[in-house]
Amino acid sequence: MKRLKKNTGWSKWISLTLIVLLAAAILAGCGSADQGAESGAEDGVTAYVGGTIFESSLDPVKGGMAYGYSFINSALTKVSPESEYVGDLAKDWEISDDARTYTFKLRQDVKFHDGSDFTAEDVVFTYNTVKENQGDNANVDLSRLESVTARGDDTVVFTLKEPYSSFLDQTALLGIVPSDGYDSETFDTMPVGTGPWKIVQYDTEQKIIVAANESYYEGAPEISQVTLLNMEEDTAIANAKSGQLDVVMVDPAYVSEEVEGMHIENLETMDVRQISLPVTKETSYTTESGKTITVGNNVTSDKAVRQALTIGIDRGKIIDDALNGVGKPAEGFTTNLSWGSPANFEDNDKEGAAKLLEDAGWKKGSDGIYEKDGQKCRFTLLSPSGDTARYQLAAAFAEEAKSIGIQVDLDQKTWDELNTEAASNGVVWGWGQYDPVILKNLFYSESFTGDGTANTVRYSNKTVDRLIDTALGANNREDAVRAWKQVQEESADDYAYIYLVNIEHSYFVKDNLDISVETQIPHPHGHGMPVINNMKDWSWK
């Protein structure tokens with residue numbers, strides 16, 4: 001039976017919150033936040049996984065904890081270690097022939113952290129709330145959702161305005177909240193969900209303590225408590241060396257550090273670093289807001305330049321120089337994504353790169369840089385301010401470009417500046433998500449706006465546009481994946497993007513802690529937080 005409405009559910013939630021807050025205060029007074037590393041399973045795990053979790057709301061309605069690692073509010077579906085979608089709160093689902101109706105059968109053995117039952121009504125409430133407040137949630141796209149209805153307690157039916165194969169991806173991003181216990185302000189820091197962990201303490205910009213959900217439908221986590229701390233990375237390394245942390249996110253520059261009692265884990269990701277190169281000649285362009293900007297680049301618009309860079313650089317050397325050897329050379333989106341279809345070529349082909357340039361009319365000048373018609377083979381490569389790793393990648397790339405006679409000047413810009421200047425300069429981007437709709441962002445002709453991250457290179461190919469439309473309109477995953485792979489294959493010969501590295505995420509882990517590498521999902525974009533996606537599987541050895 002569905003729980004009583006409003007007052008009863010809300011009072012129950014308040015009572016539970018007061019209890020867990022009191023328990024957390026007692027634990028904090030005993031110093032539990034830094035006892036995990038010293039005491040083992042009895043006191044739980046203490047970890048530093050970056051500050052991202054502290055930077056925005058934890059509320060799923062506002063986009064909190066999306067991208068495959070929500071451990072508080074479970075979603076209808078989730079990503080498996082094989083990067084496939086499997087049921088979570090949903091047991092299974094069907095898609096209609098016209099690709100506009102998605103029907104989900106729900107689990108019936110699930111309760112929220114407040115003890116109340118999970119039903120279809122909660123799914124309807126969550127999706128309608130996000131749909132009505134789409135501007136508050138940039139991580140989940142429900143713009144094509146026409147309606148969502150419940151059929152009894154265990155079935156939910158979604159109707160779309162038009163076919164949109166990416167809708168299934170959205171169901172893995174949106175955690176479900178209770179329909180009669182949701183409070184927008186409270187859920188920013190203390191959301192109530194159905195996941196394996198529940199928050200018992202949230203100290204703004206300092207720490208979050210979560211406790212195992214003993215009623216979790218897949219079985220309670222073995223670790224009883226986890227404390228996530230917010231600090232500078234140098235401080236985290238120091239605390240790890242003094243034995244106060246069990247898990248520590250580290251930049252590749254730190255992977256050679258020796259930390260007694262800990263070992264390094266370099267975890268697989270789908271996170272790719274690539275360089276965008278404008279494919280049209282320089283001209284002016286007026287945005288929808290009326291702003292006139294420069295778009296295109298007279299050097300990178302030459303396909304021979306883009307191709308020479310793609311085959312001529314040594315990706316292994318770039319990874320060694322910039323990332324301390326942590327990462328894998330990339331030629332496209334990784335094959336650990338079902339829809340990834342990277343190109344297949346040998347890089348570090350300096351002779352082949354030289355021939356391409358010379359056949360295109362470029363001649364090497366006295367300074368070793370190619371020239372043509374009075375134009376130096378020279379362009380600017382931008383990276384975001386404050387992102388050391390991307391700047392180091394840019395610098396290592398520039399050294400390789402110079403070795404084949406192309407001069408790359410480096411600069412750093414704020415994201416607001418990059419969103420405009422990407423239209424006329426190279427940019428080091430980071431992309432990594434399960435949703436293949438990113439390929440529309442990169443290649444669809446009409447995506448370019450002149451002030452954003454979409455198709456900044458101004459790529460235009462009618463065949464690719466048609467394939468993207470086919471992929472988005474597919475009514476099954478297989479046909480969609482097939483079309484998305486064809487998008488990559490068709491666009492590969494245009495070399496609009498130079499893929500450098502499929503990065504790995506590095507963590508120091510206590511030797512007696514098993515973070516269950518085999519059940520880690522390939523990490524999406526964003527270092528730090530993804531490691532907690534399988535925290536329910538962690539255990540003490």
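Residues take their numbers from the sequence shown, with the count starting at 1. Computed from a predicted structure; not experimentally measured.
In summary, the side chains of K62 and S184 do present a donor paired with an acceptor at a separation below 3.5 Å, with no hydrogens or angles considered. W362 and D302 are linked by a side-chain donor-acceptor pair at a separation below 3.5 angstrom, with hydrogens and angles left out of the test. No side-chain N or O of Q412 forms a donor-acceptor pair with one of D387 less than 3.5 Å apart. Checking Q206 against N230 by side-chain atom types alone, no donor-acceptor pair falls below 3.5 Å. When only modelled atom types and interatomic distance are considered, D451 and T287 share no side-chain donor-acceptor pair under 3.5 Å. For the residue pair N336 and S83, no side-chain donor N or O sits within less than 3.5 Å of a side-chain acceptor on the partner. Remark: the D141 side chain and the S143 side chain contain an N/O donor-acceptor pair separated by less than 3.5 Å. Checking D88 against T77 by side-chain atom types alone, no donor-acceptor pair falls below 3.5 Å. Looking at D169 and Y434, their side chains never bring a donor and an acceptor atom within 3.5 Å of each other. Using a 3.5 Å distance cut-off with no hydrogens or angles, the side chains of N348 and E346 do not pair a donor with an acceptor. Inspection of the S516 and T519 side chains reveals an N or O donor paired with an N or O acceptor under 3.5 Å. Side-chain polar atoms of T310 and Q307 form no donor-acceptor pair below 3.5 angstrom. Side-chain contact of D188 with S57: a donor-acceptor pair under 3.5 Å is present, judged by distance alone. Checking T388 against Q392 by side-chain atom types alone, no donor-acceptor pair falls below 3.5 Å. For the 3.5 Å distance criterion, the side chains of Q375 and N298 fail to qualify, holding no donor opposite an acceptor. With hydrogens and angles left out, the side-chain atoms of Y370 and E358 include a donor and acceptor closer than 3.5 Å. Residues D465 and S445 bring a donor and an acceptor atom of their side chains to less than 3.5 Å of each other.
For an aromatic pair to be called close, the ring centres must be under 6.0 Å apart, and F333 with W339 satisfies this. Between Y459 and F448, the gap from one ring centroid to the other reaches at least 6.0 Å.
Here the side chains of L277 and F379 are in contact, with some heavy-atom distance below 4.5 Å.
By the 30° and 60° cut-offs, the orientation of the rings of H523 relative to Y507 is perpendicular. In this pair, Y499 and Y497 present their aromatic rings tilted. The plane angle is within the 30 to 60° band.
Between E400 and K350 there is a salt bridge, since a side-chain N of the basic residue sits under 4.0 Å from a carboxylate O of the acidic one.
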